[in-house]
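What follows is a short report on a single structure.
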Amino acid sequence: MKEYNAKIIEKKWQEKWDALKTFKVKDNHDKPKYYALIEFPYPSGTGLHVGHPRPYTALDIVARKRRLDGYNVLFPMGWDAFGLPTENYAILNKVHPAEVTKKNIARFKEQLKSIGYSFDWDREINTTDPKYYKWTQWIFLKLFENGLAYKKEMNINFCTSCKVGLANEEVVNGKCERCSSDVVRKLKSQWMLKITDYADKLIEGLDDVDYLENIKTQQKNWIGRSYGAEVDFAITGTDDSLRVYTTRPDTLYGATYMVISPEHPLIEKYRNKISNYDQIMAYEAEAAGKSDLERTELNKDKTGVEIIGLTAVNPVNEKEIPIWVSDYVLMTYGTGAIMAVPGHDTRDYEFARKFDLPIIEVVKGGNIEEEAFTDIETGILVNSGIINGLNVAEAKEKIIAYLEEKGIGTSKVNYKLRDWVFSRQRYWGEPIPLVYCEDCGWVPLDESELPLTLPEIDNYEPTENGESPLLKITDWVNTTCPKCHKPAKRETDTMPQWAGSSWYYLRYIDPDNDNELADKEKLTYWTPVDWYNGGMEHVTLHLLYSRFWHRFLYDIGVVPTKEPYLKRTAHGMILGENNEKMSKSRGNVVNPDDVIDEYGADTLRMYEMFIGDFEKSVPWSMNGVKGCRRFLDRVFKLSDMLVDGEGYTKELESSFHKAIKKVTNDFETLKFNTAIATLMALTNDIYHKGSLTRDEFATFLILLNPVSPHVTEELWEMNGFDSMISDQQWPKYDEEKTIDSQVEIVIQLNGKVKHKMMISSDLSSKEMIGLVKSDKDIIELVKDSTVIKVIAVPKKLINIVVK
RNA sequence: GCCGAAGUGGCGGAAUGGCAGACGCGUUGGACUCAAAAUCCAGUGAGGUCACACUCGUGAGGGUUCGAGUCCCUCCUUCGGUACCA
């Protein structure tokens, strides 16, 4: 009997797969293709932790199984390597971020290799490689050419002490995470991408894809399409009017005051009419220090200032109403102004209560003494002139028609989705390939100039006023205008990390192509991605951005499909043993290297899958790891139970057919934990029997191979089976042989189990009832009561309802 | 706050509206051993009983149903996202 030595076995097979190029993808377009994709990692300095292998192993299983099913499988890996942590590390340690990145990648790659994934490493990509970001820049130029990139003044978080623009994450309670100084919001002219132009396409595209339903909902809610109206309220004593957006034009008669955002231009425009201008300015300054999240939080105390000197007129009843300024109204959504209907909007209600403003009921059905009535299904309009007596939907339609006829309003579709802020005042990102010329304005570089590479630089610190560190590299910044050849300056902002990850799946298809983003024919064969799995934390932003770019590339004829990903699933996080998120600071990080060292990669892979429901987060447990290793030891010892004989033995036949069916389905539906449980149970059956045939063992090894590929290949070879498992076919099952001829059913009395019996599994409900009626145990059971009803469910149970 | 999820033994979890707790961990007992580890076999939701019987039990409270972990309503707690973290 041989020893199961994971270290030797795993090294042997990893070398063999490398040498034989077992998982090299051929562009053999005769076979059906299957493109399995996992989110490429950010190569951090801390290396892999046990959370990383969870999704990788899952889709490695799918990829390996699909190969045995006869598919040409693309399962690639790469690096999303631009980003803040690397840059911050580089600043702190005075090393080039490229060097840090290189080191981190080498470490990550070594770790991934030791887990035995079937990636085609010849297609490895890296977003920081100029050969890669050439095409990220190319896509940006196309967006620019098509009018989808524009400049706009937007706020950034700015640390007054570090003089750096900060990510939201780096702002803790309004203070800088590093130095605890005040963070202010500073206006900067930034590049924006017009994703809002694609809002409808991004909603409609969801009809054609197979995403988990909650993911689709998240996407739709993020885009937040709403149908409402814009209405003009005249401003007393001027020719001007104040335009608001509302999703509830039906409540127009209930508008008792208006609220505008502190940044609203109206304030500046009528500065001289406003008697408390200073007070309003002070309020605006205060609001500027808050994030949108802080401003709109519902449970916080509402704040605001009435504008003294300006009032508006409700266009449907000519009532004069006050105008307030409050930070819960955002300049970035709608028109930056609202009509407040405190009777029927929770935020307005709270505001009105706090500042003692009138509340009028215009939709009947609730109790506005207590709270705002926001139900739109049951309410009936009251106190509302021409729309009295209608329900909400009818009232909306009628009032919009009225407003349009009078020229004071119009129906309007609005989106919560905002345009994408695409500028970062940082070094470690793709340079934006544009030049500013005094005469020609913003001019794109010629495609032949790409990639525009990052200049070598000694100091990665941003400048005093929050500009990108690139600004200081005058050699690089000063250039000539591509159009008129006069002196001009380069854009110094770089792209956000989202850029490189928005299209990486396309580059795997043709990673070395210098002439185009990817070959057209290859794109046609390989797109769309058949299955994309990643973290739940990426299903709004990354997924949306990436769908946006893909759809844009489709619209300009670069890619052949509207949607990038046919199917999207999400995995749960792996937590530390203490049930907290794994992090260095919490000291609960588990390194996969240690697990591999003690138990082997096959055990690691299996535990990653067996640990629990794939879609839920779950704490790591070293004891659980041990259990998986114990199972592999038991599998190893099956070699000693091999006996002569072909096919499946009578005793195990049904177990095997059931196991094939279950494992096959479970691998395709993210239920790896129950697939492994099935194989464990099958092993228990074999142990009880004490022997198995070579055919049985072969089937077993193929079923287990995607989870634990090294040890199964070793056992395959050790026991003299032909070739390698990676050359075999996935086993088939016979549906008939998964059905038991006899089943145990339960007899319930009023839903409580009282008795059990074995019956033939093909009996109908009627036959079952007949059988039970004549059974003397059952007669005994019901003899003291009156039978009202008998319910029989074939193969399951009989429930006798008695009095 | 808003949007999306999730709450089941000591722990991870399983269960097309049909015997709650598969499988694994832990634990208890036994076998093997001088002994221990490893391994193998058996038990293991709680209460209750010598043993049965029986009672309770899927975050809380209601409801629908012959039957609810599963469907509906209200609530509580935890997690993810919240637009410059990745």
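Chain letters run A, B, ... following the sequence lines, proteins first and then strands; every chain starts at 1.
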| message | If I take atom CE in residue A/M573 and atom C1' in nucleotide B/U78, what distance separates them, rounded to the nearest angstrom? | response | 12 Å
Pairs under 3.5 Å (N/O, protein and nucleotides 59-61 of chain B):
none

Using a cutoff of under 3.5 Å, can you pull out all pairs of nitrogen or oxygen atoms linking the protein to nucleotides 62-65 of chain B, with atom names and distances?
none

| Touch check for A/E213, heavy atoms < 4.0 angstrom, all strands: base, sugar-phosphate only, or nothing? | nothing
| field | N-glycosidic conformation, B/G7 - syn within 90 degrees of 0, else anti | value | anti
| field | Expected output: side-chain A/S468 to main-chain A/D493 donor-acceptor under 3.5 Å | value | no
| query | CG of A/L670 versus P of B/A5: gap in Å, rounded? | reply | 16 Å
| request: Grab the CD1-P distance between A/I769 and B/G18 for me, whole Å please. | output: 18 Å
| said: I want to verify a distance call: between B/C66, B/C23, B/A86, whose nearest atom is closest to the A/I791 side chain? | reply: B/C66
| field | Polar side chain donor-acceptor pair, A/N533 to A/T569, under 3.5 angstrom | value | yes
| message | Among B/A22, B/A15, B/C85, which nucleotide has an atom closest to any side-chain atom of A/N168? | response | B/C85
| message | Would you say A/R426 places a side-chain N or O within less than 4.0 Å of OP1 or OP2 belonging to B/C85? | response | no
| message | By the 4.0 Å heavy-atom rule, please label A/R629 as base, sugar-phosphate, or nothing. | response | nothing
| query | Hey, does A/Y42 reach any base, or is it just sugar-phosphate, or nothing, if we go heavy atoms under 4.0 Å? | reply | sugar-phosphate
| Looking for any heavy atom pair under 4.0 Å, which part of the strands does A/I800 touch: base, sugar-phosphate only, or nothing? | nothing
| task | For the residue pair A/H542 and A/Y532, categorise the inter-ring angle as parallel (less than 30°), tilted (30 to 60°) or perpendicular (more than 60°). | result | perpendicular
| With a 4.0 Å cut-off on heavy atoms, is A/E744 in touch with a base, just the backbone sugar-phosphate, or nothing at all? | base
| Whether A/F700 and A/F631 hold their rings parallel, tilted or perpendicular, with breakpoints at 30° and 60° | perpendicular
| query | Any side-chain N or O of A/N221 less than 4.0 Å from the OP1 or OP2 oxygen of B/G4? | reply | yes
| note | When rounded to whole Å, the CH2 to P distance for the pair A/W222 and B/G81 reads 11 Å
| task | Check every strand shown and say whether A/G627 touches a base, only sugar-phosphate, or nothing at a heavy-atom separation below 4.0 Å. | result | sugar-phosphate
| query | If we ignore angles and hydrogens, is there a donor and acceptor under 3.5 Å between the side chains of A/N414 and A/S226? | reply | no
| said: Checking contacts here: which listed nucleotide (B/G26, B/G80, B/C85) is nearest the side-chain heavy atoms of A/L84? | reply: B/C85
| Going by distance alone, is a donor N or O of one side chain under 3.5 Å from an acceptor N or O of the other, for A/R547 and A/Q219? | yes
| A/N214 side chain, from C-beta outward: closest of B/C84, B/C41, B/A5 | B/A5
| When all nucleic acid strands are considered with a 4.0 Å heavy-atom cut-off, which category describes A/E170: base, sugar-phosphate, or nothing? | nothing
| query | Which one, B/G80, B/C40, B/C23, comes nearest to the side chain of A/Q218? | reply | B/G80
| said: Base, sugar-phosphate or nothing for A/H538? Non-hydrogen atoms, less than 4.0 Å. | reply: base
| remark: Winner on side-chain proximity to A/L417, out of B/G4, B/G26, B/A83, is B/A83
| request: Return the nucleotide paired to B/G45: Watson-Crick means purine N1 to pyrimidine N3 with N6-O4 or O6-N4, wobble means G-U with N1-O2 and O6-N3, both under 3.5 Å. | output: B/C56
| request: Starting from the 5' end of RNA chain B, give me the residue, A/A681 or A/A167, whose nearest nucleotide shows up first. | output: A/A681
| message | Regarding A/K581, tell me which of base, sugar-phosphate or nothing describes its non-hydrogen contacts under 4.0 Å with the strands shown. | response | sugar-phosphate
| said: Using the C1' atom as the point on both nucleotides, what is the distance between B/G18 and B/G9, in whole Å? | reply: 22 Å
| Residues forming a ring-ring contact (aromatic ring centres under 6.0 Å, His included) with A/W191, sequence neighbours excluded | A/F144, A/W442
| said: My understanding is that only residues two or more places apart in sequence, or in another chain, count here; which of them pass side chain to side chain donor-acceptor pair (under 3.5 Å) with A/T674? | reply: A/D666
| Contact under 4.0 Å: A/R347 side-chain N or O vs B/C2 OP1/OP2 | no
| said: Please report the distance separating the C1' of B/A68 from the corresponding atom of B/C19, rounded so that it comes out in whole Å. | reply: 14 Å
| A/L541 side chain, from C-beta outward: closest of B/G24, B/C56, B/U82 | B/U82
| Base, sugar-phosphate, or nothing: which does A/V801 touch, judged by heavy atoms less than 4.0 Å apart? | sugar-phosphate
| task | Figure out the CG/P separation between A/D419 and B/A83, and round it to whole Å. | result | 16 Å
| request: Kindly say if A/R424 contacts the phosphate of B/C84, meaning a side-chain N or O under 4.0 Å from OP1 or OP2. | output: yes
| query | Looking only at heavy atoms, which two atoms of A/F614 and A/P55 are closest? And how far apart? | reply | CZ-CA, 4.1 Å
| said: We want to know whether A/Y328 and A/D348 form a side-chain donor-acceptor pair, criterion being a heavy-atom distance below 3.5 angstrom. | reply: yes
Produce the list of close N/O pairs, under 3.5 Å, pairing protein atoms with atoms of nucleotides 67-74 of chain B; give distances to one decimal.
none

| Closest to the A/V618 side chain, choosing from B/G13, B/G18, B/C19 | B/G13
| Once you round it to whole Å, what is the distance between P of B/G80 and CG of A/N579? | 12 Å
| task | Kindly check if the number of other-residue, nucleotide or ligand heavy atoms within 6.0 Å of NZ (A/K795) is above 12? | result | no
| message | On the nucleotide B/A14, are OP1 or OP2 found under 4.0 Å from the side-chain N or O atoms that A/N673 carries? | response | yes
| query | What is the distance, rounded to the nearest whole Å, between atom CD of A/E615 and atom C1' of B/G7? | reply | 16 Å
| request: Remember a base hit wins even if backbone is also touched, and classify A/T217 as base, sugar-phosphate or nothing at under 4.0 Å, heavy atoms. | output: sugar-phosphate
| Proximal nucleotide (of B/G24, B/G26, B/A86) relative to the A/N684 side chain | B/G24
| task | Would you please say whether a donor-acceptor pair under 3.5 Å links the side chains of A/Y42 and A/N104? | result | no
| request: Could you check which nucleotide pairs with B/A51 in any of the strands shown, counting Watson-Crick or G-U wobble with both distances under 3.5 Å? | output: none
| message | Students often mix this up, so state it plainly: with edges at 30° and 60°, are the rings of A/W420 and A/F422 parallel, tilted or perpendicular? | response | perpendicular
| field | Row check, A/Y4 ring normal vs A/R629 NZ/CZ: under 6.0 Å, within 45° | value | yes
| request: Please determine, for B/G7, whether a Watson-Crick or G-U wobble partner exists with both distances under 3.5 Å, and give it or none. | output: B/C76
| field | Residues, nucleotides or ligands: over 12 heavy atoms within 6.0 Å of A/K671 NZ | value | no
| query | Taking the P atom of each, how far is B/G67 from B/A51, in whole Å? | reply | 34 Å
| field | Side chain of A/K616 - closest among B/G7, B/A86, B/A42 | value | B/G7
| field | Listed partners of A/E39 passing side chain to side chain donor-acceptor pair (under 3.5 Å), at least two apart | value | A/H538, A/R568
| request: Round to the nearest Å and state the distance from A/W498 atom CH2 to B/C85 atom P. | output: 7 Å
| message | At 4.0 Å (heavy atoms only), tell me whether A/V793 reaches a base, stays on the sugar-phosphate, or touches nothing. | response | base
